[in-house]
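Here's the structure we're looking at; comments come further down.
These values consider heavy atoms only, across backbone and side chains, with no hydrogens, waters or symmetry-generated copies. No experiment lies behind these values; they were computed from the predicted model shown. Quick note on labels: first sequence line is chain A, next is B, and so on, each numbered from 1.
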Amino acid sequence: MVPVAFEYHRAGSVAEALSLMAQHGEDAKILAGGHSMVPAMKLRLSTPTTVIDLGGVSDLKHITDKGDHIAIGAMATHWMVESSDVISAKAPALRDAAASIGDVQVRNRGTIGGAMAHSDPAADYPGPILALDASMVIQGPSGQRVVSATDYFVALWETAVQPDELLVEIRVPTTPMNANSCYEKFAQPASRYPYVGCAVAVDKSGGTCSDVRVGFSGVGHVGFRDSNVEGALKGQALSAASIKAAADTATNGVDVLSDWSVSEDYRRAMSRVYARRALTKVGL
Amino acid sequence: MKVSMTVNGVAVSHDVEPRTLLVQFLRENLGLTGTHVGCDTSSCGACTLILNGEAVKSCSLLAAQCEGAEVTTIEGLAASDGTLHPIQEGFREKHGLQCGYCTPGMIMSSVQLLQRNPNPSDQEIRHALEGNFCRCTGYDNIVKAVQWAASQS
Ligand SMILES: Cc1cc2nc3c(=O)[nH]c(=O)nc-3n(C[C@H](O)[C@H](O)[C@H](O)COP(=O)(O)OP(=O)(O)OC[C@H]3O[C@@H](n4cnc5c(N)ncnc54)[C@H](O)[C@@H]3O)c2cc1C
Ligand code: FES
Ligand code: FES
(Lines give C-alpha, C1' and ligand atoms only; values in the text may rest on other atoms or scores of the structure.)
(Ligands and ions follow the chains in the order given, each with its own letter.)
Protein backbone atom coordinates (compact mmCIF):
# COMPACT_ATOMS: atom_id res chain seq x y z
CA MET A 1 0.00 0.00 0.00
CA VAL A 2 3.05 2.26 -0.23
CA PRO A 3 4.04 3.93 -3.50
CA VAL A 4 7.39 3.25 -5.14
CA ALA A 5 9.94 5.88 -4.06
CA PHE A 6 10.00 9.09 -6.11
CA GLU A 7 11.39 12.58 -6.08
CA TYR A 8 8.91 15.25 -4.98
CA HIS A 9 8.68 18.87 -6.14
CA ARG A 10 6.13 21.44 -5.09
CA ALA A 11 5.46 24.04 -7.79
CA GLY A 12 4.51 27.55 -6.70
CA SER A 13 3.17 28.65 -10.09
CA VAL A 14 2.12 27.30 -13.47
CA ALA A 15 5.39 28.56 -14.97
CA GLU A 16 7.41 26.73 -12.35
CA ALA A 17 5.41 23.54 -12.88
CA LEU A 18 6.00 23.73 -16.64
CA SER A 19 9.73 24.23 -16.20
CA LEU A 20 9.93 21.32 -13.73
CA MET A 21 8.08 19.21 -16.29
CA ALA A 22 10.54 20.21 -19.02
CA GLN A 23 13.45 19.44 -16.74
CA HIS A 24 12.23 15.99 -15.65
CA GLY A 25 10.61 14.85 -18.89
CA GLU A 26 8.38 11.84 -19.44
CA ASP A 27 8.95 10.18 -16.07
CA ALA A 28 7.51 13.12 -14.16
CA LYS A 29 3.84 13.17 -13.23
CA ILE A 30 1.71 16.12 -12.18
CA LEU A 31 -0.10 15.71 -8.87
CA ALA A 32 -3.36 17.65 -8.44
CA GLY A 33 -5.77 16.39 -5.76
CA GLY A 34 -4.07 13.03 -5.95
CA HIS A 35 -7.35 11.10 -5.79
CA SER A 36 -6.78 9.12 -8.93
CA MET A 37 -3.01 9.17 -8.79
CA VAL A 38 -2.16 8.35 -5.16
CA PRO A 39 -4.50 5.30 -5.09
CA ALA A 40 -2.90 4.13 -8.36
CA MET A 41 0.61 4.74 -6.95
CA LYS A 42 -0.25 2.80 -3.79
CA LEU A 43 -1.31 -0.16 -5.91
CA ARG A 44 1.85 0.42 -8.00
CA LEU A 45 -0.21 0.77 -11.15
CA SER A 46 1.51 4.13 -11.51
CA THR A 47 5.22 4.44 -10.71
CA PRO A 48 6.43 7.94 -11.55
CA THR A 49 10.04 8.74 -10.67
CA THR A 50 9.23 12.41 -10.14
CA VAL A 51 6.05 13.98 -8.80
CA ILE A 52 5.29 17.66 -9.37
CA ASP A 53 2.64 18.87 -6.94
CA LEU A 54 0.27 21.65 -8.09
CA GLY A 55 -1.17 21.97 -4.57
CA GLY A 56 0.69 25.22 -3.97
CA VAL A 57 -0.49 26.92 -7.18
CA SER A 58 -3.20 29.07 -5.64
CA ASP A 59 -4.13 30.91 -8.85
CA LEU A 60 -5.57 27.69 -10.30
CA LYS A 61 -8.18 27.46 -7.54
CA HIS A 62 -10.78 29.97 -8.72
CA ILE A 63 -14.39 29.84 -9.87
CA THR A 64 -15.20 33.22 -11.43
CA ASP A 65 -18.20 34.58 -13.29
CA LYS A 66 -16.69 36.34 -16.31
CA GLY A 67 -20.02 37.47 -17.78
CA ASP A 68 -20.16 35.36 -20.93
CA HIS A 69 -18.53 32.36 -19.27
CA ILE A 70 -17.64 30.84 -15.92
CA ALA A 71 -13.89 30.36 -15.51
CA ILE A 72 -13.01 27.34 -13.36
CA GLY A 73 -9.38 26.87 -12.35
CA ALA A 74 -8.01 23.36 -12.84
CA MET A 75 -7.34 23.03 -9.09
CA ALA A 76 -10.92 23.86 -8.06
CA THR A 77 -12.13 20.86 -6.06
CA HIS A 78 -15.29 18.89 -6.80
CA TRP A 79 -16.70 20.39 -3.57
CA MET A 80 -16.00 23.93 -4.81
CA VAL A 81 -17.84 23.11 -8.06
CA GLU A 82 -20.71 21.42 -6.17
CA SER A 83 -21.16 24.34 -3.76
CA SER A 84 -20.64 27.24 -6.20
CA ASP A 85 -23.72 29.47 -6.52
CA VAL A 86 -22.79 30.64 -10.00
CA ILE A 87 -22.34 27.08 -11.29
CA SER A 88 -25.62 26.02 -9.66
CA ALA A 89 -27.47 28.86 -11.35
CA LYS A 90 -25.77 28.89 -14.75
CA ALA A 91 -24.44 25.38 -15.35
CA PRO A 92 -26.46 23.04 -13.13
CA ALA A 93 -25.37 19.94 -15.09
CA LEU A 94 -21.82 20.52 -13.86
CA ARG A 95 -23.01 21.00 -10.28
CA ASP A 96 -25.02 17.76 -10.48
CA ALA A 97 -21.99 15.86 -11.76
CA ALA A 98 -19.59 17.26 -9.14
CA ALA A 99 -22.05 16.50 -6.34
CA SER A 100 -22.36 12.89 -7.51
CA ILE A 101 -18.65 12.05 -7.48
CA GLY A 102 -17.48 9.39 -5.01
CA ASP A 103 -18.06 10.67 -1.50
CA VAL A 104 -17.58 13.83 0.58
CA GLN A 105 -13.90 13.14 1.28
CA VAL A 106 -13.12 12.52 -2.39
CA ARG A 107 -14.99 15.68 -3.41
CA ASN A 108 -13.05 17.72 -0.84
CA ARG A 109 -9.72 16.79 -2.43
CA GLY A 110 -10.25 15.74 -6.05
CA THR A 111 -10.07 18.52 -8.63
CA ILE A 112 -11.92 19.19 -11.86
CA GLY A 113 -8.61 19.64 -13.68
CA GLY A 114 -7.27 16.34 -12.40
CA ALA A 115 -10.43 14.51 -13.38
CA MET A 116 -10.47 16.14 -16.84
CA ALA A 117 -6.79 15.41 -17.46
CA HIS A 118 -7.05 11.83 -16.23
CA SER A 119 -9.91 11.02 -18.61
CA ASP A 120 -11.00 7.87 -16.85
CA PRO A 121 -13.66 6.25 -19.06
CA ALA A 122 -15.85 6.11 -15.94
CA ALA A 123 -15.42 9.77 -14.96
CA ASP A 124 -18.47 11.96 -14.46
CA TYR A 125 -17.41 15.31 -15.91
CA PRO A 126 -17.07 14.50 -19.64
CA GLY A 127 -20.85 14.32 -20.28
CA PRO A 128 -21.62 17.73 -18.74
CA ILE A 129 -18.49 19.33 -20.23
CA LEU A 130 -19.74 18.24 -23.67
CA ALA A 131 -23.40 19.12 -23.08
CA LEU A 132 -22.41 22.57 -21.82
CA ASP A 133 -20.05 23.05 -24.79
CA ALA A 134 -17.26 24.07 -22.40
CA SER A 135 -13.71 24.71 -23.55
CA MET A 136 -10.41 23.82 -21.96
CA VAL A 137 -7.45 26.18 -21.60
CA ILE A 138 -4.20 24.28 -21.97
CA GLN A 139 -0.83 25.82 -21.25
CA GLY A 140 2.53 24.59 -22.49
CA PRO A 141 6.03 25.87 -23.11
CA SER A 142 4.82 28.00 -26.03
CA GLY A 143 1.83 29.56 -24.28
CA GLN A 144 -1.90 28.90 -23.98
CA ARG A 145 -4.38 27.35 -26.38
CA VAL A 146 -8.11 26.80 -26.08
CA VAL A 147 -9.64 23.46 -27.06
CA SER A 148 -13.35 22.81 -27.50
CA ALA A 149 -15.03 19.98 -25.61
CA THR A 150 -15.58 18.02 -28.83
CA ASP A 151 -11.83 18.10 -29.62
CA TYR A 152 -10.71 17.57 -26.04
CA PHE A 153 -11.53 13.90 -25.40
CA VAL A 154 -9.27 11.86 -27.68
CA ALA A 155 -9.27 8.22 -26.56
CA LEU A 156 -9.24 6.01 -23.50
CA TRP A 157 -7.10 7.85 -20.90
CA GLU A 158 -6.10 10.36 -23.57
CA THR A 159 -7.02 14.01 -23.98
CA ALA A 160 -5.77 16.97 -25.99
CA VAL A 161 -3.36 17.78 -23.12
CA GLN A 162 0.18 16.83 -24.28
CA PRO A 163 2.86 15.48 -21.90
CA ASP A 164 4.59 18.88 -21.69
CA GLU A 165 1.33 20.77 -21.06
CA LEU A 166 -1.03 21.54 -18.19
CA LEU A 167 -4.77 21.94 -18.18
CA VAL A 168 -5.19 25.29 -16.44
CA GLU A 169 -8.82 26.34 -16.81
CA ILE A 170 -12.26 25.15 -17.88
CA ARG A 171 -14.60 27.73 -19.42
CA VAL A 172 -18.33 27.15 -19.37
CA PRO A 173 -20.43 29.52 -21.51
CA THR A 174 -23.22 31.21 -19.54
CA THR A 175 -26.09 30.86 -22.00
CA PRO A 176 -29.79 30.42 -21.20
CA MET A 177 -29.45 26.93 -22.67
CA ASN A 178 -26.68 26.01 -20.24
CA ALA A 179 -28.75 27.35 -17.34
CA ASN A 180 -31.37 24.78 -18.42
CA SER A 181 -29.18 21.71 -18.04
CA CYS A 182 -28.88 18.69 -15.79
CA TYR A 183 -26.94 15.47 -15.29
CA GLU A 184 -28.66 12.20 -14.46
CA LYS A 185 -26.53 9.32 -13.27
CA PHE A 186 -26.90 5.62 -12.69
CA ALA A 187 -24.13 5.03 -10.15
CA GLN A 188 -22.28 1.84 -9.34
CA PRO A 189 -23.57 1.34 -5.78
CA ALA A 190 -20.15 0.75 -4.17
CA SER A 191 -17.75 3.07 -6.01
CA ARG A 192 -20.41 5.54 -7.20
CA TYR A 193 -18.61 5.92 -10.54
CA PRO A 194 -21.28 6.08 -13.26
CA TYR A 195 -22.47 3.00 -15.12
CA VAL A 196 -24.20 5.64 -17.19
CA GLY A 197 -24.27 9.40 -16.83
CA CYS A 198 -26.24 11.62 -19.18
CA ALA A 199 -26.01 15.40 -19.29
CA VAL A 200 -28.35 17.51 -21.39
CA ALA A 201 -28.80 21.20 -22.10
CA VAL A 202 -32.03 22.22 -23.82
CA ASP A 203 -33.16 25.47 -25.43
CA LYS A 204 -36.94 25.21 -25.27
CA SER A 205 -38.22 28.67 -26.02
CA GLY A 206 -41.90 28.35 -26.99
CA GLY A 207 -42.23 24.64 -26.16
CA THR A 208 -40.12 23.65 -29.12
CA CYS A 209 -36.65 22.23 -28.85
CA SER A 210 -34.71 24.82 -30.81
CA ASP A 211 -31.37 23.41 -29.66
CA VAL A 212 -30.14 20.52 -27.56
CA ARG A 213 -26.82 18.99 -26.57
CA VAL A 214 -26.55 15.53 -25.06
CA GLY A 215 -23.29 14.28 -23.51
CA PHE A 216 -22.64 10.84 -22.08
CA SER A 217 -20.22 9.81 -19.31
CA GLY A 218 -19.21 6.26 -18.45
CA VAL A 219 -20.79 4.75 -21.57
CA GLY A 220 -18.03 4.78 -24.21
CA HIS A 221 -14.24 4.78 -24.15
CA VAL A 222 -14.43 8.55 -23.77
CA GLY A 223 -17.24 10.99 -23.17
CA PHE A 224 -19.21 11.75 -26.34
CA ARG A 225 -22.02 13.92 -27.72
CA ASP A 226 -24.91 11.84 -28.98
CA SER A 227 -25.87 13.20 -32.39
CA ASN A 228 -28.68 10.62 -32.73
CA VAL A 229 -30.63 12.06 -29.83
CA GLU A 230 -29.77 15.66 -30.65
CA GLY A 231 -30.84 15.24 -34.29
CA ALA A 232 -34.06 13.47 -33.37
CA LEU A 233 -35.18 16.17 -30.93
CA LYS A 234 -34.00 19.40 -32.54
CA GLY A 235 -36.92 21.31 -34.03
CA GLN A 236 -39.52 19.03 -32.44
CA ALA A 237 -42.29 20.10 -30.07
CA LEU A 238 -41.22 18.93 -26.62
CA SER A 239 -43.47 16.21 -25.22
CA ALA A 240 -43.08 12.96 -23.35
CA ALA A 241 -43.48 11.15 -26.67
CA SER A 242 -40.91 13.19 -28.63
CA ILE A 243 -38.44 12.90 -25.77
CA LYS A 244 -38.85 9.15 -25.53
CA ALA A 245 -38.51 8.72 -29.28
CA ALA A 246 -35.30 10.76 -29.29
CA ALA A 247 -33.86 9.10 -26.17
CA ASP A 248 -34.46 5.67 -27.68
CA THR A 249 -31.91 6.44 -30.40
CA ALA A 250 -29.14 7.02 -27.84
CA THR A 251 -25.82 5.22 -28.49
CA ASN A 252 -26.86 4.03 -31.98
CA GLY A 253 -23.61 3.38 -33.82
CA VAL A 254 -21.51 3.99 -30.70
CA ASP A 255 -19.16 1.42 -29.16
CA VAL A 256 -20.53 0.86 -25.67
CA LEU A 257 -18.37 -0.46 -22.81
CA SER A 258 -19.05 -3.69 -21.02
CA ASP A 259 -17.39 -4.82 -17.83
CA TRP A 260 -17.73 -7.48 -15.14
CA SER A 261 -20.79 -5.84 -13.65
CA VAL A 262 -22.67 -4.36 -16.61
CA SER A 263 -23.08 -5.83 -20.10
CA GLU A 264 -23.03 -3.75 -23.26
CA ASP A 265 -26.74 -4.31 -23.89
CA TYR A 266 -27.71 -3.29 -20.39
CA ARG A 267 -25.55 -0.18 -20.48
CA ARG A 268 -27.07 0.76 -23.86
CA ALA A 269 -30.59 0.28 -22.49
CA MET A 270 -29.78 2.34 -19.41
CA SER A 271 -28.27 5.09 -21.57
CA ARG A 272 -31.68 5.49 -23.17
CA VAL A 273 -33.46 5.52 -19.82
CA TYR A 274 -31.10 8.14 -18.39
CA ALA A 275 -31.26 10.28 -21.54
CA ARG A 276 -35.05 10.22 -21.23
CA ARG A 277 -34.91 11.18 -17.55
CA ALA A 278 -32.50 14.04 -18.15
CA LEU A 279 -34.43 15.38 -21.15
CA THR A 280 -37.70 15.12 -19.25
CA LYS A 281 -36.27 17.01 -16.30
CA VAL A 282 -35.20 20.10 -18.24
CA GLY A 283 -37.18 19.69 -21.46
CA LEU A 284 -40.76 19.54 -20.24
CA MET B 1 12.43 15.56 2.96
CA LYS B 2 11.26 17.68 5.86
CA VAL B 3 7.50 17.93 6.37
CA SER B 4 5.97 20.33 8.89
CA MET B 5 2.34 20.79 9.86
CA THR B 6 0.15 21.52 12.86
CA VAL B 7 -1.56 18.44 14.26
CA ASN B 8 -4.22 18.91 16.94
CA GLY B 9 -2.79 22.35 17.68
CA VAL B 10 0.82 21.18 18.03
CA ALA B 11 3.48 22.14 15.47
CA VAL B 12 5.30 19.01 14.27
CA SER B 13 8.12 18.43 11.85
CA HIS B 14 9.75 15.22 10.60
CA ASP B 15 12.17 14.03 7.98
CA VAL B 16 10.31 11.52 5.82
CA GLU B 17 10.47 9.93 2.39
CA PRO B 18 8.31 11.78 -0.18
CA ARG B 19 6.19 8.65 -0.59
CA THR B 20 5.06 8.76 3.05
CA LEU B 21 1.27 8.90 3.24
CA LEU B 22 -0.37 11.33 5.66
CA VAL B 23 -1.82 8.42 7.63
CA GLN B 24 1.65 6.88 8.01
CA PHE B 25 3.08 10.21 9.12
CA LEU B 26 0.47 10.36 11.87
CA ARG B 27 0.61 6.76 12.96
CA GLU B 28 4.31 6.01 12.53
CA ASN B 29 6.05 9.35 13.01
CA LEU B 30 3.71 10.92 15.54
CA GLY B 31 2.35 7.79 17.21
CA LEU B 32 -1.23 8.99 16.70
CA THR B 33 -2.88 5.65 16.01
CA GLY B 34 -6.48 6.84 16.37
CA THR B 35 -6.61 7.33 12.59
CA HIS B 36 -7.16 3.85 11.17
CA VAL B 37 -6.40 2.14 7.88
CA GLY B 38 -9.17 -0.15 6.70
CA CYS B 39 -8.49 -0.66 3.02
CA ASP B 40 -6.06 -0.35 0.13
CA THR B 41 -8.48 1.26 -2.29
CA SER B 42 -9.46 4.68 -0.82
CA SER B 43 -12.94 3.34 -0.16
CA CYS B 44 -13.55 2.73 3.55
CA GLY B 45 -13.03 6.15 5.20
CA ALA B 46 -11.49 4.71 8.41
CA CYS B 47 -8.57 7.12 7.85
CA THR B 48 -10.74 10.26 7.65
CA LEU B 49 -9.49 13.38 9.43
CA ILE B 50 -9.94 17.12 9.09
CA LEU B 51 -7.34 18.87 6.93
CA ASN B 52 -7.60 22.66 6.77
CA GLY B 53 -11.27 22.41 7.75
CA GLU B 54 -12.24 19.63 5.33
CA ALA B 55 -12.77 15.90 5.86
CA VAL B 56 -10.26 13.93 3.79
CA LYS B 57 -8.96 10.37 3.50
CA SER B 58 -5.45 10.47 4.91
CA CYS B 59 -4.50 7.21 3.17
CA SER B 60 -4.86 8.92 -0.19
CA LEU B 61 -2.67 11.94 0.46
CA LEU B 62 1.06 12.29 0.70
CA ALA B 63 2.29 13.89 3.91
CA ALA B 64 4.26 16.21 1.61
CA GLN B 65 0.98 17.56 0.19
CA CYS B 66 0.07 18.71 3.70
CA GLU B 67 3.12 20.93 4.27
CA GLY B 68 2.01 23.84 6.47
CA ALA B 69 -1.49 22.42 6.95
CA GLU B 70 -3.72 22.28 10.04
CA VAL B 71 -4.77 18.73 10.83
CA THR B 72 -7.30 17.54 13.39
CA THR B 73 -7.47 13.83 14.18
CA ILE B 74 -9.79 11.96 16.52
CA GLU B 75 -7.24 12.53 19.31
CA GLY B 76 -7.73 16.28 18.97
CA LEU B 77 -11.50 16.34 19.21
CA ALA B 78 -12.20 16.16 22.94
CA ALA B 79 -11.63 19.27 25.08
CA SER B 80 -8.32 19.48 26.96
CA ASP B 81 -10.08 18.55 30.20
CA GLY B 82 -11.26 15.34 28.56
CA THR B 83 -14.86 16.43 27.91
CA LEU B 84 -15.95 14.54 24.83
CA HIS B 85 -17.00 16.33 21.65
CA PRO B 86 -20.82 16.14 21.22
CA ILE B 87 -20.39 13.71 18.32
CA GLN B 88 -18.20 11.41 20.42
CA GLU B 89 -20.78 11.66 23.20
CA GLY B 90 -23.52 10.88 20.65
CA PHE B 91 -21.76 7.70 19.52
CA ARG B 92 -21.54 6.59 23.16
CA GLU B 93 -25.09 7.63 24.00
CA LYS B 94 -26.68 5.96 20.95
CA HIS B 95 -24.40 2.90 20.67
CA GLY B 96 -23.04 4.16 17.34
CA LEU B 97 -20.19 1.64 17.45
CA GLN B 98 -19.52 -2.02 18.03
CA CYS B 99 -15.91 -2.97 17.23
CA GLY B 100 -15.03 0.70 16.85
CA TYR B 101 -12.73 0.29 13.88
CA CYS B 102 -14.69 2.67 11.65
CA THR B 103 -15.54 5.06 14.48
CA PRO B 104 -12.74 7.65 14.24
CA GLY B 105 -13.45 8.11 10.52
CA MET B 106 -17.21 8.17 11.07
CA ILE B 107 -16.82 10.84 13.73
CA MET B 108 -14.49 13.03 11.65
CA SER B 109 -16.85 12.84 8.66
CA SER B 110 -19.72 13.74 10.97
CA VAL B 111 -17.77 16.78 12.20
CA GLN B 112 -17.59 17.98 8.60
CA LEU B 113 -21.28 17.25 8.06
CA LEU B 114 -22.47 19.25 11.07
CA GLN B 115 -20.25 22.17 10.08
CA ARG B 116 -21.84 22.34 6.66
CA ASN B 117 -25.33 21.32 7.73
CA PRO B 118 -26.07 21.72 11.47
CA ASN B 119 -29.49 20.10 11.19
CA PRO B 120 -29.25 17.19 8.78
CA SER B 121 -32.09 14.84 7.95
CA ASP B 122 -31.74 11.08 8.15
CA GLN B 123 -31.13 10.96 4.40
CA GLU B 124 -28.58 13.77 4.51
CA ILE B 125 -26.61 11.98 7.22
CA ARG B 126 -26.56 8.76 5.22
CA HIS B 127 -25.47 10.66 2.11
CA ALA B 128 -22.71 12.51 3.99
CA LEU B 129 -21.34 9.24 5.39
CA GLU B 130 -21.26 7.43 2.03
CA GLY B 131 -17.46 7.48 2.16
CA ASN B 132 -17.35 5.64 5.50
CA PHE B 133 -17.98 1.92 5.77
CA CYS B 134 -19.07 0.11 8.91
CA ARG B 135 -18.99 -3.68 9.06
CA CYS B 136 -20.80 -3.96 12.37
CA THR B 137 -23.59 -1.56 13.18
CA GLY B 138 -25.84 -1.53 10.14
CA TYR B 139 -25.55 2.27 10.30
CA ASP B 140 -28.85 2.98 12.08
CA ASN B 141 -27.26 3.82 15.41
CA ILE B 142 -24.60 5.89 13.67
CA VAL B 143 -27.34 8.03 12.15
CA LYS B 144 -28.96 8.34 15.59
CA ALA B 145 -25.62 9.31 17.13
CA VAL B 146 -25.16 12.15 14.64
CA GLN B 147 -28.74 13.29 15.19
CA TRP B 148 -28.16 13.25 18.92
CA ALA B 149 -25.06 15.45 18.48
CA ALA B 150 -26.97 17.83 16.20
CA SER B 151 -29.71 18.19 18.82
CA GLN B 152 -27.16 19.30 21.46
CA SER B 153 -26.43 22.68 19.85
C1 LIG C 1 -13.00 6.45 -3.64
C2 LIG C 1 -13.03 7.26 -4.92
C3 LIG C 1 -14.22 7.40 -5.61
C4 LIG C 1 -14.27 8.15 -6.79
N5 LIG C 1 -15.47 8.26 -7.45
C6 LIG C 1 -15.53 8.99 -8.59
C7 LIG C 1 -16.77 9.15 -9.29
O8 LIG C 1 -17.83 8.67 -8.86
N9 LIG C 1 -16.76 9.87 -10.44
C10 LIG C 1 -15.62 10.46 -10.92
O11 LIG C 1 -15.68 11.12 -11.95
N12 LIG C 1 -14.45 10.35 -10.27
C13 LIG C 1 -14.37 9.62 -9.13
N14 LIG C 1 -13.16 9.50 -8.47
C15 LIG C 1 -11.95 10.14 -9.05
C16 LIG C 1 -11.84 11.56 -8.54
O17 LIG C 1 -12.81 12.38 -9.16
C18 LIG C 1 -10.46 12.17 -8.79
O19 LIG C 1 -10.37 13.27 -7.96
C20 LIG C 1 -10.16 12.63 -10.18
O21 LIG C 1 -10.36 11.63 -11.14
C22 LIG C 1 -8.73 13.08 -10.33
O23 LIG C 1 -8.55 14.37 -9.84
P24 LIG C 1 -7.33 14.71 -8.89
O25 LIG C 1 -7.35 16.15 -8.69
O26 LIG C 1 -7.42 13.87 -7.69
O27 LIG C 1 -6.11 14.33 -9.85
P28 LIG C 1 -4.78 13.50 -9.62
O29 LIG C 1 -5.09 12.15 -9.12
O30 LIG C 1 -3.81 14.31 -8.85
O31 LIG C 1 -4.28 13.42 -11.12
C32 LIG C 1 -4.92 12.60 -12.08
C33 LIG C 1 -4.14 12.58 -13.39
O34 LIG C 1 -4.25 13.83 -14.07
C35 LIG C 1 -2.99 14.46 -14.23
N36 LIG C 1 -3.21 15.88 -13.96
C37 LIG C 1 -3.80 16.38 -12.83
N38 LIG C 1 -3.99 17.71 -12.95
C39 LIG C 1 -3.51 18.06 -14.16
C40 LIG C 1 -3.44 19.31 -14.86
N41 LIG C 1 -3.91 20.45 -14.34
N42 LIG C 1 -2.90 19.30 -16.12
C43 LIG C 1 -2.43 18.14 -16.66
N44 LIG C 1 -2.48 16.94 -16.05
C45 LIG C 1 -3.01 16.89 -14.81
C46 LIG C 1 -2.06 13.75 -13.26
O47 LIG C 1 -0.73 13.75 -13.71
C48 LIG C 1 -2.65 12.37 -13.23
O49 LIG C 1 -2.20 11.62 -14.32
C50 LIG C 1 -13.09 8.76 -7.29
C51 LIG C 1 -11.89 8.65 -6.58
C52 LIG C 1 -11.85 7.90 -5.40
C53 LIG C 1 -10.56 7.81 -4.66
S1 FES D 1 -7.95 3.47 4.69
FE2 FES D 1 -9.74 3.02 3.59
S3 FES D 1 -10.19 4.94 2.71
FE4 FES D 1 -8.37 5.36 3.74
S1 FES E 1 -18.25 -0.51 14.52
FE2 FES E 1 -17.13 -2.14 13.64
S3 FES E 1 -16.76 -1.35 11.64
FE4 FES E 1 -18.11 0.07 12.44
Side-chain angles (χ1 to χ4, degrees), chain A residues 1-12 29 31-58 61 75 77-80 82-83 99-111 114 187-193, chain B residues 1-3 16-25 28 37-69 105-106 108-117 120 124-133:
Chain A
M1 68 155 278
V2 181
V4 169
F6 54 83
E7 201 182 299
Y8 172 89
H9 297 276
R10 190 175 174 84
K29 280 282 253 178
L31 183 67
H35 271 45
S36 289
M37 208 164 118
V38 175
M41 287 167 67
K42 283 168 60 179
L43 297 172
R44 305 201 168 187
L45 299 170
S46 172
T47 53
T49 54
T50 305
V51 168
I52 302 166
D53 186 358
L54 290 184
V57 185
S58 52
K61 235 180 156 164
M75 290 296 287
T77 61
H78 307 322
W79 163 249
M80 287 170 66
E82 167 187 4
S83 61
S100 79
I101 290 175
D103 51 54
V104 174
Q105 296 97 311
V106 170
R107 296 196 292 275
N108 280 342
R109 274 309 292 192
T111 67
Q188 213 275 2
S191 76
R192 281 173 293 278
Y193 276 98
Chain B
M1 66 182 292
K2 189 169 161 153
V3 174
V16 296
E17 280 191 88
R19 61 175 164 169
T20 307
L21 302 170
L22 177 59
V23 70
Q24 291 177 296
F25 185 81
E28 293 167 22
V37 176
C39 74
D40 245 2
T41 49
S42 310
S43 323
C44 76
C47 61
T48 303
L49 48 71
I50 304 289
L51 173 72
N52 294 331
E54 293 187 318
V56 299
K57 294 178 178 175
S58 60
C59 71
S60 303
L61 287 167
L62 304 174
Q65 287 176 282
C66 308
E67 174 64 31
M106 285 287 177
M108 300 317 277
S109 284
S110 304
V111 167
Q112 169 87 95
L113 165 64
L114 294 187
Q115 275 165 2
R116 287 181 180 169
N117 180 358
E124 286 168 336
I125 295 171
R126 288 175 190 277
H127 181 60
L129 296 179
E130 273 176 349
N132 295 81
F133 297 169

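Proximity of B/Leu62 to B/Leu22: side-chain heavy atoms (C-beta onward) are nowhere separated by under 4.5 Å. The shortest side-chain heavy-atom distance between B/Lys57 and A/Val106 falls under the 4.5 Å cut-off. Considering only heavy atoms from C-beta on, A/His9 comes within 4.5 Å of A/Thr50 through its side chain. Side-chain atoms of B/Val16 and B/Glu28, non-hydrogen and from C-beta on, never get closer than 4.5 Å to each other. For the pair B/Gln65/A/Val38, a side-chain contact is recorded, criterion being any heavy-atom separation below 4.5 Å from C-beta on. In this structure, B/Thr20 and B/Glu17 have side chains that are in contact, with non-hydrogen atoms separated by less than 4.5 Å.
The main-chain N or O of B/Gly45 is found under 3.5 Å from a side-chain atom of B/Thr48 such that the two form a donor-acceptor pair.
Within the 4.5 angstrom heavy-atom criterion, atoms from both the backbone and the side chain of B/Glu130 approach chain A. Using a 4.5 Å cut-off between heavy atoms, B/Leu21 touches chain A through its side chain atoms alone. For a residue to count as touching a neighbouring chain, one of its non-hydrogen atoms must lie under 4.5 Å from one of that chain's; by this rule A/Asn108 touches chain B with backbone and side chain alike. Contact annotation for B/Ser60: both backbone and side-chain heavy atoms come within less than 4.5 Å of a heavy atom of chain A.
Note: A/Pro39 leads A/Gly55, A/Gly102, A/Pro39 in heavy-atom pairs under 4.5 Å with chain B. Chosen from B/Glu67, B/Arg19, B/Gln24, the residue pairing most often with chain A at heavy-atom distances under 4.5 Å is B/Arg19. Counting heavy-atom pairs closer than 4.5 Å to chain B, the top-ranked of the candidates A/Leu31, A/Val51, A/Thr77, A/Leu43 is A/Leu31.
Within residues 108-116 of chain B, the residues having any heavy atom under 4.5 Å from a heavy atom of chain A are, by residue number, B/Ser109, B/Gln112, B/Arg116.
Partners of A/Arg107 under the salt bridge (Lys or Arg N to Asp or Glu O under 4.0 Å) rule, at least two apart in sequence or in another chain, are A/Glu82.
Inspection of the B/Asn117 and B/Glu124 side chains reveals an N or O donor paired with an N or O acceptor under 3.5 Å.
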